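Reminder, nothing fancy here: chain letters follow the sequence lines and each chain counts from 1. Just so we're clear, the structure is a prediction, and the values are computed from it rather than from any experiment.
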There are 2 protein chains.
Amino acid sequence: MDDGEVLPAEMCSLREVLDLVGDKWAIRVLIQLGDGPRRFSELERALAGVSRRMLSLTLRGLERNSLVTRKVYPEVPPRVEYTMTPHAAELDEPLHALSAWAAKHRAKVSAARQAFDVG
Amino acid sequence: MDDGEVLPAEMCSLREVLDLVGDKWAIRVLIQLGDGPRRFSELERALAGVSRRMLSLTLRGLERNSLVTRKVYPEVPPRVEYTMTPHAAELDEPLHALSAWAAKHRAKVSAARQAFDVG
DNA sequence: CTGAATCCGCGCGGATACTG
DNA sequence: CAGTATCCGCGCGGATTCAG
């Protein structure tokens, strides 16, 4: 199997994943949560440049697809913890592989981009 | 190494990759090219729903980052072939892993989304 | 502290027409 | 066939304000 022919199913699956974590902030959130549960404000600090609105929307989206769980502690001041779900944790390895690719080809791609922009 | 602690470098690398292939059409183009060189009109047909403009822009972006190469044949009518670069081909395995994750958890995620939307 | 609601500018992307 | 150019609507996302 897998003689180089890529089935349409793969295409769909890939787009599904990217629709889940392809947003600007989703990946960063997941990486943070991969290190342990985080509070809203902790994420806000960790993800430099994120607006409160976008962080909120990103977390909603991840929660909606059951990639994170939201736990509210009835205290004052209120505390909310976000945690990775088990199957979201399984994304870790595939993501590592992608990251490794980037690390390996970063220079090449960067150089190509500069050359392209010049010419 | 890798005791669960995720380094900032990973975050950057991952976003780099997603910035390269996270667009709506880039992945589909790469998958097509993974099956062999393709002409513009072939891609246009294969990627149902893509506009000529977006396909053009997507190919430009991929070419800019040296993920595809563009070969023009001086004929009439003109013919242009797009081909995957070697390092883009190396994305195949990581992408497969992601695809596998999607296939495995598709039902779970889909159900979660429905439940979330109802509640 | 953790959001939701509103306003608004800007860029993405579709439709259409034109070119080599 | 393989694009580019232009126009334009719509949604993403920032800034700000209000709420539990």
message: Run the salt bridge (Lys or Arg N to Asp or Glu O under 4.0 Å) test on Arg106(A) and Glu16(B) for me, step by step, so that the C-alpha distance in whole Å, both residues' side-chain angles and the decisive distance to 0.1 Å come before the verdict.
response: CA-CA 8 Å; Arg106(A) 170 179 297 151; Glu16(B) 284 178 42; 3.0 Å; yes
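In the region residues 66-80 of chain B, proximity to DNA chain C at under 4.0 angstrom, judged on heavy atoms, holds for Pro78(B). Near DNA chain C, meaning a heavy atom under 4.0 Å away, the residues from residues 49-59 of chain B are Ser51(B), Arg53(B), Met54(B).
For the pair Asp117(A)/Arg64(B), a side-chain contact is recorded, criterion being any heavy-atom separation below 4.5 Å from C-beta on. Between Arg15(A) and Asp19(A), the closest side-chain pair of non-hydrogen atoms falls below 4.5 Å. Contact of the Met54(B) side chain with the Lys24(B) side chain is not registered, since no non-hydrogen atoms from C-beta on lie closer than 4.5 Å. Arg113(A) places a side-chain heavy atom less than 4.5 Å from the side chain of Leu20(B). Residues Leu33(B) and Thr83(B) fail the side-chain proximity criterion, which asks for heavy atoms closer than 4.5 Å.
Look at CZ on Phe40(B): it is 6 Å from C1' on dG3(D), rounded to the nearest Å. Straight-line distance from the CD atom of Glu44(B) to the P atom of dA2(D): 9 Å, rounded to whole Å. Between the CG atom of Asp23(A) and the P atom of dG11(D) there is a distance of 17 Å, rounded to whole Å.
Between dA2(D), dG14(C), dC1(C), one nucleotide has an atom nearer to the side chain of Lys24(B) than all others, and that is dG14(C).
With Trp25(A) as the partner, the side-chain contact (heavy atoms from CB on, under 4.5 Å) test is satisfied by one option alone out of Leu59(A), Leu62(A), Thr58(A): Thr58(A).
Put simply, Arg39(A) has no side-chain N or O that comes within less than 4.0 Å of OP1 or OP2 on dC1(C). For Tyr82(A), no side-chain nitrogen or oxygen approaches OP1 or OP2 of dC1(C) to under 4.0 Å.
Checking Arg70(B) against Tyr82(B) by side-chain atom types alone, a donor-acceptor pair falls below 3.5 Å.
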